[in-house]
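Proteins get letters first, then strands, A, B, ... in listed order; numbering begins at 1 in each. Scope of the values below: all heavy atoms of this structure, side chains included, with no hydrogens, waters or symmetry mates.
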Amino acid sequence: MNPKPRRADDVSETLPPRLDPHEIEARLYRRWSDAGYFHVDAEAVTEAGRDSYVIMIPPPNVTSVLHMGHGLNNTIQDVLIRWRRMQGQAALWVPGTDHAGIATQNVVERQLREEGKSRQDLGRDDFEARVRDFAEETRGTILEQLKVIGCSCDWDRTYFTLDPGLSRAVREVFVRLYEKGLVYRGEYIINWCPRCLTALSNEEAETEEASGRLWHLRYPLAASAQGAAERAARAGAEAIGQLEDGRWYLTVSTTRPETMLGDTAVAVNPGDERYGKLVGADVELPLTGRTIPIVADDFVDPEFGSGMVKVTPAHDPNDFEIGQRAGLDVIDVMTQDARINENAPEAFRGMDRFEARKAVVAAFEAGGLLAGIDDHAHAVPKCYRCHTVVEPRLSEQWFVKMTPLAQPALEASRSGRVTFTPERWKKVYEHWMENIRDWCISRQLWWGHRIPVWYCDRCDETIVSRVDPTVCSACGSGDLRQDPDVLDTWFSSWLVPFSSFGWPEETEDLRAFYPGNTLTTAPEILFFWVARMIMAGYEFMGDTPFTQVYLHGTVRDSVGRKMSKSLGNGIDPLEAADLFGADALRFTLLSAAAVGTDIYLDPDDLEASFAPGRNFANKVWNAGRFALMSLGDEPVPALEEVAADLEVEDRWILSRFNHTAAAVTKELERFRLHEVSEQLYHYVWGDFADWYLELVKPRMRGYSGDASRQAARATLVVALDGICRLLHPLMPFVTTALWDKLPWPAGVDRPAELMIAQWPTDRPEADDEAAERAIGEAQELVTQIRSLRKEYGVPEGKGVTVELTSVGELLAGVLEVRGEALGRLARVDAFVLDGGHAGVGASAVLRSGTEVFLPLEGLIDLDRERERLSEEIGRLEGQMKSVKSKLENEKFVERAPADVVQRERDKADTYGEQLEKLRVKRDALESH
RNA sequence: GGGGGCUUAGCUCAGUUGGUUUAGAGCGCCUGCCUUACAAGCAGGAGGUCACUGGUUCGAAUCCAGUAGCCCCCACCA
């Protein structure tokens, strides 16, 4: 009658008990790639009429191979893309890499230095070639890394920001903005890195808090101003004083004393009554022999310091502006590598700025002109690439006027056209947009897009051109010189949402894929990249490049430091994928990626760091493996065919699936990937593996008859198929490997590949509230019995009889049809309803009010158990006594350290609780 | 100086817009199990006055105010 339990040996032989990621991952990736599933044509949208879903990868820098931050970033994008693809959209993920001007140039220059060479030794062309080689190699590695973690990018569209197409777009944009008056050239104070020898944008100068000093310097007033100074001092101007030689001086303060060598004025606030009379007076600038005026300027805060400010137009942006307003001289006293130059007194020439600082202070001190030094915490700007202290420097650079560009981009956020997740970034974005400053785009580097500007040596004409000019457009001369500088690397990446689709041509791709949808990145580049892309989108395409900005957290090490190559605390995604598999890596990152929170991984303990993902991947594998083995290769019926034979657990798992699918879909829409992974974890591990598979085991072996077995088989196939689909975006490899082996009912269409199988949609008919409540009660019953068994020391293997009273209808129903299966899970031989509760036993009450009684007589040696309990109670009482006596000892309590006393008190509490529990148990045994 | 955020179990974090959550998860910890899918596992368990104070409410981890500590972003105070 009962068919023999069958084992599908063919499956069990090919499926090892431990998931071996190496065996499947590379093979499956190649299969997907070869089949062309990653590629999306414009026709899929324009002709087939499908909705497009487009993600632009944040192009990794070719500076170095990917780290775990990229792992997280790209895993998230792949989840979104795979999910949308399964939903039937034309899901396009455009990959690319960024030439990363300053960063890459630095790396190669460092290599050269180790060889004892400089870029000048090589010359511009050879140097560029060398960087190109380096970039090409890293680029290749990066793209391989993305493939290893499973990224389903459209590789046919891979771009590099220096490609001819993208370069053409860069040039077009520069010229257009120039023609519109939005690109201009000018001499301003910019952030200068004296090590990289280039200008930096404001965003590239990162401020770090530093505990510096504030030096107070005395500047003697000129002979002509002595009288005015004396009167001011008499009137209470505390910054005015008298030197030993009788001359009057004023006091200024500075954090950079060396800049005084380039001072051309002292400024006071025009409304400052203390110094009003001194405006126009002359000051003898120490060390230099120069005489400089006192000027009035609103910028000066009368409350700060002495209310008098030294003005160095060539070395401070504010001073530069004061100088402009007052028509002051500009004296640049530093070379480009921040040494004192020939404009300064000979004694200081050639000194590094920090040496010069010391020397200047020493000279002031020697001259009795040092009024004092205070500690002073302030923000020091540093180069974001080499951390050298940035020097404000006067130089001629190219800028983009940003205010006009910012307007539509700001409006996009305010109107909700562009949304931010987490929402708090919306305010940050808007605040920045509202206070946007012009963008310095020229860099004194060799690696990047050359600025398309030529200067005529004959007539001084400036030519900005889409094509390289050969003769001057003004005088016809051929003596043209191209601007030696290159553009900021972000000047190419802010265009990729359209330049990667062939802009400025009006391409089919642009029509199909612009605007895109979701931009996923770390908050660090919100201003560098995200905001600028939105601005460029509106300026050149008339629309935003994407409508959702999702900003995820940072990957940090176990002590909270950002993972970085320089700190050596990074984790190579390849290493993690190699050790645990790409699925495990992905799931670990996703399950830790609660919206907006950082992720902590320990580079010194990869096992522990990736355990969640690895364990879960293995669980999925084994649950699937077991299901496949027990299904065998015999034909499987469709669910509809066995509808009448479904057991309560079948209806339960299908209902649970429907709820899980709905929740997962909803959470994906909100980028709540942590919740997505948690939902799936509990469904797969908790519901499916721990309960459904266990309940269904006897049926799969045919113990409940063939109809029941076929119903279980059909349900199992549907459930496993659903799990593979829901889990696929997160863990594409293991799900595909299982799904490939899944038997399929005849007459039901089977998709060609899991990765393009349809995403589960809501099936309200699958919801079964009764089944969920019934199994819920059954689970509680089983758990309670297990707990009681354990607590009372019933031996593992021993079967028991359990008596139940006040059993509800639902539970009674389940017990009637599935009592045996439930009994197996709790090691219960028989459930007796409305039993007498006679004899010695343990009891519990379920939430529904059902009472559970577990008779213990004959099951455990009551005398021994009593004895054991007494012993344990005795032991605890002894320990309790010694603790109590300690605590009752006044001297101990008074003299022992507080934490030691507290520990004793905690002990007393713990023992007390334990004793209480043991006594209750003992009483339960004694009372019979 | 401005703006934003955080504080929940030993650690890292959830908690769906005040009420089925008796505040959850993973890792770690304790106890017992190699039960023929999985020891990367199974079963059971310990551990939290939800930073503090006050308020609103029938009801607060959740809303409001204040206090303390931590973090991030922006900023030209010499």
Does A:Y600 make a side-chain N or O approach to OP1 or OP2 of B:C11 shorter than 4.0 Å?
no
Under 4.0 Å between any heavy atoms, over every strand shown, what does A:P317 touch: base, sugar-phosphate, or nothing? Just pick one.
nothing
Any base atoms under 4.0 Å from A:A611, or only sugar-phosphate, or nothing? Heavy atoms, all strands.
nothing
Measure from CG on A:N622 to C1' on B:A40 and round the result to the nearest Å.
9 Å
Indicate, with a heavy-atom threshold strictly under 4.0 Å, whether A:A689 touches base, sugar-phosphate, or nothing.
base
Out of B:U31, B:C38, B:C42, minimum distance to the side chain of A:K790 belongs to B:U31
Between the base of B:U16 and the side chain of A:R672, is there a donor and acceptor pair under 3.5 angstrom?
no
From B:C42, B:C76, B:A40, nucleotide with atom closest to A:R614 side chain:
B:A40
Please report the distance separating the P of B:U16 from the corresponding atom of B:A61, rounded so that it comes out in whole Å.
13 Å
Using only modelled atom types and a 3.5 angstrom limit, is any donor from either the side chain of A:E694 or the base of B:A37 paired with an acceptor on the other?
yes
With sugar-phosphate meaning primed atoms plus P, OP1 and OP2, does A:H315 contact a base, only sugar-phosphate, or nothing at under 4.0 Å between heavy atoms?
nothing
Could you work out which one of B:U31, B:A37, B:C42 sits closest to the side chain of A:M629?
B:A37
Under 4.0 Å, counting only non-hydrogen atoms across every strand here, what does A:W215 touch: a base, just sugar-phosphate, or nothing?
nothing
Side chain of A:P612, heavy atoms from C-beta onward: which of B:G26, B:C74, B:C38 has the nearest atom to it?
B:G26
Mind checking if A:V309 touches a base, just sugar-phosphate, or nothing, with heavy atoms under 4.0 Å?
base
So does A:N615 get a side-chain nitrogen or oxygen closer than 4.0 Å to the phosphate oxygens (OP1/OP2) of B:C27?
yes
Roughly, in whole Å, what's the span from CD in A:Q784 to C1' in B:G44?
11 Å
Closest to the side chain of A:E796, out of B:C33, B:A40, B:C13, is B:C33
Most 5' of A:E780 and A:R786 on RNA chain B, judged by nearest nucleotide:
A:E780
Determine the interatomic distance between C1' on B:C64 and the same-named atom on B:A75; round to the nearest Å.
31 Å
Using whole Å, what does the distance between atom C1' of nucleotide B:A37 and atom NZ of A:K697 come to?
7 Å
Quantified in whole Å, what is the P atom distance between nucleotide B:G24 and nucleotide B:G19?
15 Å
To the nearest Å, give me how far apart CG (A:D602) and P (B:G10) are.
20 Å
Whole-Å distance separating the CZ atom of A:F527 from the P atom of B:G3
16 Å
Distance between P atoms of B:A46 and B:C38 (Å, rounded):
29 Å
Integer angstrom distance from the C1' of B:C74 to that of B:C29
44 Å
Within the structure shown, what part of the strands sits under 4.0 Å from A:N435 by heavy-atom distance: base, sugar-phosphate, or nothing?
nothing
Pick the P atom in B:G4 and in B:C13, then give their distance to the nearest Å.
23 Å
If the P atom of B:U62 is compared with that of B:U49, how far apart are they to the nearest Å?
16 Å
A:D374/A:R213 ion pair, N-O < 4.0 Å:
no
Among B:G45, B:A78, B:C72, find the nucleotide with the atom closest to the side chain of A:W425.
B:C72
For A:E423 and B:U17, what is the distance between atoms CD and C1' respectively, to the nearest whole Å?
11 Å
Mind checking if A:R847 touches a base, just sugar-phosphate, or nothing, with heavy atoms under 4.0 Å?
base
May I have the distance from A:R424 (atom CZ) to B:C71 (atom C1'), rounded to whole angstrom?
10 Å
Please state the P separation for the pair B:G66 and B:C27 - nearest whole angstrom.
41 Å
Pair A:H674, A:E667: side-chain N/O donor-acceptor within cut-off below 3.5 Å
no
How do A:M308 and A:G624 order along RNA chain B: which one's closest nucleotide is nearer the 5' end?
A:G624
Under a 3.5 Å cutoff, is there a donor and acceptor pairing between the side chains of A:S609 and A:D602?
no
With a non-hydrogen cut-off below 4.0 angstrom, is A:E675 in contact with a base, only sugar-phosphate, or nothing?
sugar-phosphate
Can A:H315 and A:T259 be counted as having a side-chain donor-acceptor contact under 3.5 angstrom?
no
Donor-acceptor pair, A:K310 side chain versus A:T254 backbone, under 3.5 Å?
no
Donor-acceptor pair, A:D272 side chain versus A:R274 backbone, under 3.5 Å?
yes
For A:F626, is the NZ or CZ atom of A:K697 found under 6.0 angstrom from the centre of its six-membered ring and inside 45 degrees of the ring axis?
yes
Paired runs of 3 or more consecutive Watson-Crick or G-U pairs involving RNA chain B, with both pairing distances under 3.5 Å, are B:1-7 with B:68-74, B:10-13 with B:24-27, B:29-33 with B:41-45, B:51-55 with B:63-67
In this structure, how many angstroms lie between the P atom of B:C27 and the CD atom of A:E678, rounded?
12 Å
Under 3.5 Å side-chain donor-acceptor pair for A:Y188 and A:D438:
no
Nearest-nucleotide pick for A:Y681, side chain only, options being B:A78, B:G26, B:U16
B:G26
Side chain of A:R670 - closest among B:C42, B:U16, B:G4:
B:U16
Taking OP1 and OP2 of B:A37, is either one under 4.0 Å from a side-chain nitrogen or oxygen of A:S630?
no
B:C76 phosphate, OP1 or OP2: any side-chain N/O from A:R437 under 4.0 angstrom?
yes
For a quick check of understanding: with a heavy-atom distance under 4.0 Å over all strands, which category does A:T783 fall into, base, sugar-phosphate or nothing?
sugar-phosphate
Check the pair A:R699, A:E820 against salt bridge (Lys or Arg N to Asp or Glu O under 4.0 Å), reporting the backbone distance first and the verdict last.
CA-CA 11 Å; A:R699 292 167 63 199; A:E820 204 178 321; over 6 Å; no
